[in-house]
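Every heavy atom of this structure was used, including side-chain atoms; hydrogens, water molecules and symmetry mates were not. Letters A, B, ... are given to chains in the order of the sequence lines, protein chains preceding strands, and every chain is numbered from 1.
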Amino acid sequence: MPQAPYDIIIFIIIVALLLLAMLTFIIRIVLLYQKRQHFFQQELLRAGVDFEHNLMHVKLEVQEKALHHIACEIHDNINLSLTLAKLHLNTLNIDNKEEASTKTKTSIELLTKSISELNNLSRGMNSDVIDNYGLLKVLEIELEQIRQAAKFKINYITDGEPVFLDKKQELLIFRMIQEGFNNIIKHAKATEVEFKLHFFSKLLIVVLNDNGVGFNPDFNNTTNESGLLNMQTRAKMAGGEMHLSSYTGDGTSLIFIIPYKAK
Amino acid sequence: MKEFFLLLNETYYSEAIVFIIQIIAAIAGIRLSKNHHEAIPFIIYIILDILLLIAGWFIAVVLHYPAWAINYFELSNFGISIVEVLVYYQFFIRLFNNSTIQYYLLQIRKIYLLLVIVCLVGWLLKNDYLLNYITKLTEVIGLIFLLAPTLFYYRYLLNNTATYSVFDRPSFWIVTGIFFYALASIPLLLIARYITRETEMGRIIVTALYYTPYIVHFILLTKAFLCRKPLMI
């Protein structure tokens, strides 16, 4: 091989250095990419854990609310009926057949009412009721309870083809609606509430309108804010979004748009 | 046949290796293009390059380098470099999901095409020196223009939140191939004139610098096709 000219050797060295730099650059990019991927995966994992944690919180809230409702029902209705039945039976005078017959009949009626109320309660108490009956059934039970307690009229409308959604999604939607009604009961002073469920293909739209006192959403109120924030977070967790419009003295409109995959 | 092998020997069989790699790349590309049509421009580019290579062999072995052969080789190299730049720019424009970057890429492509037109006017003026000078310059500019989006790509890659392994991304292999090819070829195109091709050392350098990045580029392109995923991932 003939002797290489000096400038060719210089050229080879420069090119070799260039290639080395290029290779180092690519390796550096790959390592950096892998490091970032690892970071993103950790973030995803954390987000997943947060999601599960929030979901658990929602479940506990639902259970807590159910237990509260049961306690109230036992105290206000069942306890009262049983006490009255006991009172009737304690004061039973078998010598007075007519009075004894009336009291026995009343006691039986009170006991039957208590049994019926206990049956209703056990249906609502079952924490798997969403899993077993689906969102619509649970909402019906919930609406019935609200109707008994609240002073407003509820116009409940569903349209479209109702479908069973993902259980987690149904639980979150149920909790959002529950929170919405809770706000109406506590703050709205409404006389009429419009509650609509629109089942579109792959999209559920929940509308909750009231004719109450309304409020200024821009005005900071810690209680309101945390409740609304909770609903917003849950709407996001359910993969959807929440829209709120309210004016002082002009009612409140709450809309949840939830995309879903039918089961 | 003996002449043909002598011809291949002149480039230390690099042209034969390029040919084989290109055939493999074309087959992998055609198989991928059944499901992913974005591979079609790359296949056209590879097949065009294969045809030019075969035509070059034909001119050398059968026609024994007629007088017009120099201009032919000059123009075919120039033509394939235009196709190369346009195919890769099309790929980059589709790859970057950012309107600002897409706008700049479109503008750069326009400038490049303007340079190509200048070069063709030079060729029409029948000025061989100008043709040779401008074609080399346009090739270098084309490669520099290709280099810029590859750097954008690496930045984009590092900010990407998708959880793909980098080695499963066809775009990574394609961009790395063109990055390696462009960066290694630019020095050669700039100083090829000063490297003495008469010496054995000069020939080795020209061959190594010209063909090695070219071969690596097609190997990486084949690897991208073999990922069997959309090329934009």
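Residues B:Leu151 and A:Phe25 form a side-chain contact, since some pair of their non-hydrogen atoms from C-beta on lies under 4.5 Å apart. Between A:Tyr33 and B:Phe172 there is no side-chain heavy-atom pair separated by less than 4.5 Å. With contacts defined as side-chain heavy-atom distances shorter than 4.5 Å, the pair B:Phe179/A:Ile26 qualifies. Residues A:Leu18 and B:Pro187 form a side-chain contact, since some pair of their non-hydrogen atoms from C-beta on lies under 4.5 Å apart.
Among all heavy-atom pairs drawn from A:Ile29 and B:Leu157, the shortest one is CG2-CD2, 4.2 Å.
Enclosure of atom CZ in A:Phe51 by more than 12 non-hydrogen atoms of other residues, nucleotides or ligands within 6.0 angstrom is indicated. Around CD of A:Glu161, the count of heavy atoms belonging to other residues, nucleotides or ligands within 6.0 Å does not exceed 12. For A:Phe199, the CZ atom counts as densely surrounded, since its 6.0 Å shell holds more than 12 non-hydrogen atoms of other residues, nucleotides or ligands. Around atom NZ of B:Lys223, more than 12 heavy atoms belonging to other residues, nucleotides or ligands sit under 6.0 Å away. For B:Tyr12, the OH atom sits in a packed shell: over 12 heavy atoms of surrounding residues, nucleotides or ligands are nearer than 6.0 Å. In this structure, A:Tyr156 places its OH atom where more than 12 heavy-atom neighbours from other residues, nucleotides or ligands lie under 6.0 Å away.
Counting heavy-atom pairs under 4.5 Å between each of A:Gln34, A:Arg36, A:His38 and chain B puts A:Arg36 at the top.
Interface residue B:Phe180: backbone and side-chain heavy atoms are both found under 4.5 Å from chain A. For A:Glu43, no part sits under 4.5 Å from any heavy atom of chain B, backbone or side chain.
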